[in-house]
4 protein chains.
Amino acid sequence: MTDSKPMRADARRNRARILAAAEEVFAERGASASTEEVAARAGVAIGTVFRHFPTKRDLLAAIMKDLRRRLIEKAEALIAGGDPATAFFEYFTFLVGSSAGAGAVVSLLADEGTPIEPGEQIMALDHVFARLLDAAREAGTVRADVRLDEVMALLTAVTHGALAAGWPDDLRHRTVNLLLDAFRPR
Amino acid sequence: MTDSKPMRADARRNRARILAAAEEVFAERGASASTEEVAARAGVAIGTVFRHFPTKRDLLAAIMKDLRRRLIEKAEALIAGGDPATAFFEYFTFLVGSSAGAGAVVSLLADEGTPIEPGEQIMALDHVFARLLDAAREAGTVRADVRLDEVMALLTAVTHGALAAGWPDDLRHRTVNLLLDAFRPR
Amino acid sequence: MTDSKPMRADARRNRARILAAAEEVFAERGASASTEEVAARAGVAIGTVFRHFPTKRDLLAAIMKDLRRRLIEKAEALIAGGDPATAFFEYFTFLVGSSAGAGAVVSLLADEGTPIEPGEQIMALDHVFARLLDAAREAGTVRADVRLDEVMALLTAVTHGALAAGWPDDLRHRTVNLLLDAFRPR
Amino acid sequence: MTDSKPMRADARRNRARILAAAEEVFAERGASASTEEVAARAGVAIGTVFRHFPTKRDLLAAIMKDLRRRLIEKAEALIAGGDPATAFFEYFTFLVGSSAGAGAVVSLLADEGTPIEPGEQIMALDHVFARLLDAAREAGTVRADVRLDEVMALLTAVTHGALAAGWPDDLRHRTVNLLLDAFRPR
DNA sequence: TATGAATGAGCCTTCATTCAT
DNA sequence: CATGAATGAAGGCTCATTCAT
């Protein structure tokens with residue numbers, strides 16, 4: 001979009017490394033982990049991190065963006081190839097279990113006041129989710145009166161909760177299953 | 001128990017002020033807000049805060065303790081005077097709506113590694129919650145297979161989520177109602 | 001001297017207690033120990049310490065003065081009743097061994113820049129020491145060319161060294177004996 | 001040994017500056033002088049000091065190490081090229097006069113409880129001193145019964161005393177000469 | 001007078017960000 | 001572009017000193 005120059009090969013490799021390292025570090029230590037540690041884990045110097053992401057906030061935002069992208073891809077795969085009646089539930093479950101990395105990052109939404117994302121990406125995730133939800137509704141496996149924002153709200157809450165509180169797998173499974181029941185018609 | 005001396009009037013007033021200021025500040029800015037700001041909001045010098053709470057962690061712990069106490073009192077009132085069939089639902093709803101201050105603080109449980117509370121207080125909250133849950137189960141308004149830890153997990157998640165994401169009242173209501181349905185027998 | 005009022009009995013008792021506590025505390029923890037701890041050890045409130053000694057420095061000075069007084073008394077006893085030929089050596093040895101409390105305090109002379117004493121007291125100690133030294137010189141047990149300032153310098157150095165470095169008794173004995181030999185005529 | 005990278009030129013320059021400034025500052029103000037002042041004197045920002053010496057204690061330790069190194073070098077030069085009969089006396093005199101910077105720092109060994117040095121360095125200094133002492137003993141200029149620990153004890157005491165009390169040159173000379181006589185056979 | 005709470009300057013340390021190499 | 005040293009604003013905490021009780 002705004003890519004004036006194509007970016008050198010090693011630069012792109014560094015960018016990817018940093019992103020990966022950052023996701024790990026922030027997931028382990030929370031959003032207050034130091035940028036220095038990210039650099040170390042990525043095997044680059046601190047200056048390099050700031051060249052790619054002028055601000056710590058930018059780095060965090062990039063992680064979120066990256067994560068969203070992967071989640072959207074997964075959703076699209078489910079939309080394309082899954083069973084509409086169950087895809088929604090599968091996806092919800094998958095998200096809570098998988099977002100290890102993201103959850104920690106999300107937490108900074110609470111720590112800092114200002115939102116961190118371009119919005120457009122959120123819309124995209126909302127969009128695929130809406131499609132899964134609609135499909136399930138049509139298939140009759142989700143109540144007609146369940147709205148998207150409620151689903152997203154619960155998703156966010158449980159995702160973060162699972163990570164922040166470190167729910168063991170067993171608890172997470174039971175909790176999510178219980179919650180999903182709320183969506184089912186009675 | 002350990003109150004050797006009753007504590008001077010002005011000291012008690014300051015302690016209360018600090019606690020109130022801290023609850024506000026941490027709710028607004030998250031647990032990483034500075035102690036200095038708490039002092040400013042309370043209208044005292046920084047030293048005074050540290051005289052009452054030798055450590056930032058102590059201050060956070062005190063807030064939690066204070067909050068728990070209030071929550072437990074509310075629960076006991078409901079146990080004593082409410083309708084067993086609905087008290088559980090009322091309480092859950094109340095908690096999510098009321099814990100403005102606490103949620104933010106709870107988040108530090110994730111930020112820092114070390115637990116922040118005496119434990120006994122947590123037990124106390126769990127305990128009253130268990131009683132409300134049991135009563136509801138007996139009254140047949142809650143499914144027999146719902147376990148306490150699942151309830152607490154969801155409560156924590158939704159409470160924090162509501163605060164961190166700043167759900168508007170309307171969304172919060174719908175979300176909580178939806179969630180509570182998950183507890184009901186079908 | 002400047003005592004306008006005779007000072008109430010309990011006040012004098014407090015003053016003494018504080019002095020004693022301070023000597024202990026500073027000897028154990030060094031001059032950087034907190035005034036609060038002195039108060040605690042003395043069993044009084046911090047305000048009381050500052051009422052008697054408006055400044056930490058004043059407190060330190062008072063300890064020194066007190067110590068000097070005791071040392072001078074000891075010297076006078078030796079001058080009055082001891083053997084002139086050996087009194088000097090006895091006294092020197094006694095000082096190094098006894099000044100446990102003072103040494104730590106002396107160290108603050110190095111820590112802070114400004115001298116701590118009225119001077120007149122130092123003179124007094126110098127004075128009795130001069131008398132012991134003269135007596136020994138006349139008795140022929142000390143070299144004629146040994147001057148008072150050298151003796152005082154070595155005394156201070158060794159006293160402080162013994163304390164600061166925590167010389168065991170054995171080492172201190174040998175060291176002092178060796179040093180005293182330097183004063184003897186050959 | 002652990003020098004993986006040679007260290008940038010400006011970094012080395014700063015490190016040296018900081019070390020020099022610290023030696024001055026601590027010598028003047030004692031070990032309790034602020035790191036901020038060291039930074040100011042060195043003409044760098046406070047962060048730079050902490051980058052080179054992560055802890056104030058580390059800075060102090062570095063000064064000591066540096067000083068010891070210089071002292072040991074001097075001793076080795078004397079062992080190699082000096083007159084065994086007098087080298088010991090020369091060195092002792094030199095140490096007392098030169099250690100302006102160190103003495104103050106040494107005092108922190110007393111102030112804080114924990115030792116500050118690798119130990120091996122102390123051994124090294126002891127070692128060269130032992131050789132000088134042995135040589136003098138063999139040359140007959142030092143009494144046979146003088147032990148190394150006594151010598152070191154007196155050295156430390158006098159060195160620190162000279163600095164802390166600010167002995168004028170004249171007094172220092174006379175005192176040291178008097179003391180050295182104690183080592184000579186009679 | 002004694003008490004002990006309040007004050008606030010100052011200390012050590014961390015870390016996002018900048019900039020010379 | 002990458003490197004990593006330098007910067008300097010906070011932040012948590014301590015402690016001598018003041019002052020209301």
Side-chain angles (χ1 to χ4, degrees), chain A residues 5 7-11 14-15 32-40 43-59, chain B residues 5 7-15 18 32-39 43-59, chain C residues 5 7-11 14 32-40 43-59, chain D residues 5 7-15 18 32-39 42-59:
Chain A
K5 291 271 177 69
M7 195 181 232
R8 265 162 48 176
D10 57 341
N14 272 344
R15 203 194 125 94
S32 67
S34 88
T35 312
E36 193 84 42
E37 189 168 342
V38 171
V44 303
I46 182 73
T48 305
V49 175
F50 277 89
R51 161 169 285 270
H52 285 280
F53 309 93
T55 278
K56 187 176 180 178
R57 165 162 294 266
D58 291 335
L59 176 54
Chain B
K5 286 275 175 69
M7 194 182 225
R8 247 161 62 176
D10 55 343
R12 184 158 48 246
R13 197 166 43 246
N14 272 341
R15 201 194 126 96
I18 292 169
S32 68
S34 87
T35 311
E36 192 82 41
E37 189 168 344
V38 171
V44 302
I46 183 70
T48 303
V49 176
F50 279 94
R51 159 172 274 266
H52 286 280
F53 309 94
T55 279
K56 187 177 178 178
R57 165 160 292 264
D58 291 335
L59 176 54
Chain C
K5 291 272 177 68
M7 193 182 232
R8 266 164 46 177
D10 57 340
N14 271 344
S32 67
S34 88
T35 312
E36 194 84 41
E37 189 168 343
V38 171
V44 303
I46 183 70
T48 303
V49 174
F50 277 90
R51 161 168 285 270
H52 286 280
F53 309 94
T55 278
K56 188 177 179 177
R57 165 162 295 265
D58 291 334
L59 176 54
Chain D
K5 287 274 174 70
M7 194 182 225
R8 248 161 61 178
D10 55 344
R12 185 160 45 246
R13 199 167 40 250
N14 272 342
R15 202 195 126 95
I18 291 169
S32 67
S34 86
T35 310
E36 192 82 41
E37 189 168 344
V38 171
V44 301
I46 183 69
T48 304
V49 175
F50 279 92
R51 159 172 274 267
H52 286 279
F53 309 95
T55 280
K56 187 178 180 177
R57 165 161 292 265
D58 291 335
L59 177 55

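Letters go in sequence order (proteins before strands), and every chain restarts at 1.
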Practice problem: Answer with base, sugar-phosphate or nothing: what part of the nucleic acid does Thr35(D) contact at a heavy-atom distance below 4.0 Å? | Solution: sugar-phosphate
Exercise. Could you tell me the separation between the CZ atom of Arg13(D) and the P atom of dG4(F), rounded to a whole number of Å?
Key: 18 Å
Quiz item: In chain order, what residues pass the side-chain hydrogen bond (donor to acceptor under 3.5 Å, both in side chains) check against Asp10(D), with sequence neighbours excluded?
Solution: Arg8(D)
Quiz item: Of the candidate nucleotides dT1(E), dA16(E), dT7(F), which contains the atom at the shortest distance from the side chain of Val44(D)?
Solution: dT7(F)
Quiz item: Once you round it to whole Å, what is the distance between P of dC11(E) and CZ of Phe50(B)?
Solution: 17 Å
Exercise. Let me know the distance between NE2 of His52(A) and P of dT17(E), rounded to the nearest Å.
Key: 16 Å
Exercise. Using the closest heavy atom to pick a nucleotide of DNA chain E for each, name whichever of Asp10(B) or Thr55(D) lands nearer the 5' end.
Key: Asp10(B)
Quiz item: Touch check for Thr48(B), heavy atoms < 4.0 angstrom, all strands: base, sugar-phosphate only, or nothing?
Solution: base
Quiz item: Atom NE2 in His52(D), atom CG in Asn14(D): separation rounded to 0.5 Å?
Solution: 5.0 Å
Practice problem: Assign each of Pro54(B) and Arg15(D) to its nearest nucleotide of DNA chain F by heavy atoms, then name whichever residue's nucleotide is nearer the 5' end. | Solution: Arg15(D)
Practice problem: Mind checking the CZ-CD1 spacing from Arg13(B) to Ile18(B)? Nearest 0.5 Å is all I need. | Solution: 12.0 Å
Quiz item: When the distance from CD of Glu36(A) to P of dT7(F) is rounded to whole Å, what number comes out?
Solution: 16 Å
Exercise. Take the protein atom NZ of Lys56(D) and the nucleotide atom P of dT14(E), then report the distance between them rounded to whole Å.
Key: 15 Å
Quiz prompt | Mate of dT21(F) where both pairing distances stay under 3.5 Å, Watson-Crick or G-U | solution = dA2(E)
Quiz item: Applying a 3.5 Å limit to both distances, which nucleotide forms a Watson-Crick or G-U wobble pair with dG8(E)?
Solution: dC15(F)
Quiz item: Hey, which of these two, Ala11(B) or Ala33(A), hits DNA chain E nearer its 5' end, going by closest nucleotide?
Solution: Ala11(B)
Exercise. Heavy atoms only: give me the nearest Arg15(A)-Phe53(A) pair and the separation to one decimal.
Key: NH1-CE2, 3.5 Å
Self-check item: Separation of atom CD1 in Ile46(C) from atom P in dT18(F), rounded to whole Å
Solution: 12 Å
Exercise. Quickly work out the Arg51(D) CZ to dT14(E) P distance and round it to whole Å.
Key: 13 Å
Exercise. Report the residue (Arg8(B) or Asn14(A)) whose heavy-atom-nearest nucleotide on DNA chain F is the more 5′ of the two.
Key: Asn14(A)
Quiz item: In whole angstroms, how far is the P atom of dT14(F) from the CD atom of Glu37(C)?
Solution: 14 Å
Quiz item: Within the distance-only criterion (no hydrogens, no angle test), does the side chain of Thr55(B) pair as donor or acceptor with the backbone N or O of Asp58(B) below 3.5 angstrom?
Solution: no
